[in-house]
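Below is one structure, written out as structure tokens, with a few remarks after it.
Throughout, a chain's letter reflects where its sequence line sits, starting with A, and its residues are numbered from 1. Worth knowing before you read on, the calculation uses all heavy atoms, side chains too, and leaves out hydrogens, waters and symmetry mates.
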Amino acid sequence: MYSEKVMDHFRNPRNMGEIPDADGVGTVGNPVCGDMMTIYIKVKDNRIADIKFKTFGCGAAIATSSMTTELAKGKTIDEALKITRDDVAKDLGGLPPVKMHCSNLAADALHAAIKDYLAKGGKK
Amino acid sequence: MRRVYLDHAAGRPVDERVLEAMLPYFTQKYGNPSTIHTPGNEAREAIEEARGKVAELVGAAKKEEIIFTSGATESNNLALKGAALRNRDRGNHIITSSIEHMSVINTCKELSKQGFEVTYLPVDRYGIVDLEALKRELTDRTILVSIMYANGEIGTIEPIKEISEIVHERGALLHVDAVPAVGQVPIDVVAEGIDLLSISSNDIYGPKGVGALYLRSGVRIVPIIQGGGQERGLRSGTENLPGIVGMGKAAEIAKAEMEAEARRLTRLRDRLISGILEKIPVSFLNGHPTKRLPNNVNVRFSYIEGEALILSLDMEGVACSSGSACTSKTLEPSHVLLATGLKHEEAHGSLLFTLGKQNSEEDVDYVLNLLPGIVKRLRVMSPLTPKELLDHV
């Protein structure tokens, strides 16, 4: 059902955890739908110096969270804002069609975390 | 890697003895039972023998009361559409429950499009049908009530005898979808007052693609498939000879071995349930603790999701199922779990193990050793898990 890459990220999620003193935090989804994820970012010199995620959800939700953190780490704020759901799915070698909509939310969580950082007065 | 198959509600292996009984009917005994020569007679005799064995398994008075179909979905369609359309002149009201199999629920939905009124009875938190609601909803226009013998997802066994008495007092017919129950618990259609009963072959270790409908003598239905008039005109189409022979053999074995096997499975079931509830904090049993199919274990874990559990167990060789939306075609969590009053997020975290013949105590212990670590790993990952819980587990 899932690509090898998805299973790899599910088995060994990258950057899983929390950042207690995060500069920005973004949460999307909700437990009622079955998928919810939170992304924490630490920004230094306009770059995402550290990023972590926590996810409630299916294999695709966990794998896309992991992939998103991998894509965003080290990127400038502007670059990270350009990461889309499609980028995440593509880099995972594709997702089952039914998962594209409901479980591929991690890019949105990343954007929400960046907006939170900017709203708190962070600079681009 | 050890392979532990715990998804018998989804599919079962064919018993070796069943396969052996079927094999001659592919290449040597291939006659059409509707013909009158020797090969045709041979085929007809084989089908009648199988019919007798299926009849015996469910306590039917006569073997002619068994109609072979292509599977339980067709049996449910034939029972509901056949009885509803045949009895339309007496009323247009059908009663069923909110935890039926989709082949009953979706057939009822189709019948409502054709002018029938359908009432879906609520169940309690264990999944037992509300008998007071049944009494309340029955009217003189009610022609058919369809309630499952036991629920395949949460294992709950329904009080069919009581239901039958209530239904017959008002002159309606009782159809029972017995797919998950046949071969696991003794069923007696006569003593329990069942008018129509759906049976699946694969669920008693027979081949897939064959099933049966018990139709009590005197109960009239109309066919939903027209053709050459096989199966007393109620199910046209050349009989699936090897499949029917296989189902007959499976019924014979089930009747002989059911009691001992049910005792063995009940022990394994209870070992798995109590082990999980003991070893894993914030875990719960879904369904009834005792009015329960011998092979059914349905549990739920807060803060995590079922598909991730299935994938994690599959990586360790364990095959099982979940009522999570992420594992369904409709993207909705199990209607059965929701009907028992669970919230969506609770249903998402459910896990279903259905035991079978090949499972041993070692299989159960293998799962009991694996599962706590898997649940913990996913809980550590989940933003919903309370911090206190992580400190303790």
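Other residues, nucleotides and ligands place no more than 12 heavy atoms under 6.0 Å from the CZ atom of B/R125. Surrounding NZ of A/K120 are more than 12 heavy atoms belonging to other residues, nucleotides or ligands, all under 6.0 Å away. The local environment of NZ in A/K82 is sparse, with at most 12 non-hydrogen atoms from other residues, nucleotides or ligands closer than 6.0 Å.
Only the side chain of A/Y2 comes within less than 4.5 Å of a heavy atom of chain B; its backbone N, CA, C and O stay farther away. With a 4.5 angstrom heavy-atom cutoff, A/A61 does not touch chain B via any of its atoms. Only the side chain of A/M16 comes within less than 4.5 Å of a heavy atom of chain B; its backbone N, CA, C and O stay farther away.
Nearest heavy-atom pair, A/G57 versus B/A308, reported as atom, atom and distance to 0.1 Å: O-CB, 3.5 Å. A/F10 and B/S312 get closest at one heavy-atom pair: CZ-OG, 3.3 Å. Closest of all the heavy-atom pairs between B/Y303 and A/F56 is O-CD1, 3.1 Å. When all heavy atoms of B/M381 and A/P13 are compared, the pair lying nearest together is CE-CG, 3.7 Å.
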Would you check, one step at a time, whether the test side chain to side chain contact (heavy atoms under 4.5 Å, CB included) holds for B/K387 with A/E18?
-> CA-CA 12 Å; B/K387 289 219 160 32; A/E18 281 174 46; 3.5 Å; yes
Before giving the answer on side chain to side chain contact (heavy atoms under 4.5 Å, CB included), spell out for A/M1 and B/E307 the whole-Å C-alpha distance, their side-chain angles and the decisive distance to 0.1 Å.
-> CA-CA 12 Å; A/M1 174 173 143; B/E307 192 214 74; 3.3 Å; yes
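Of the possible donor and acceptor atoms, none in the side chain of B/H344 sits under 3.5 Å from a partner among the backbone N and O of A/P31. A/K54 places no side-chain N or O within 3.5 Å of a backbone atom of B/L384 that could act as its donor or acceptor partner.
Taking the side chain as every heavy atom from C-beta outward, B/L378 and A/I62 approach each other to under 4.5 Å.
Taking CD1 from B/I310 and SG from A/C58, the interatomic distance works out to 11.0 Å, rounded to the nearest 0.5 Å.
Between chain B and the options A/M36, A/R11, A/M7, heavy-atom pairs under 4.5 Å are most frequent for A/R11.
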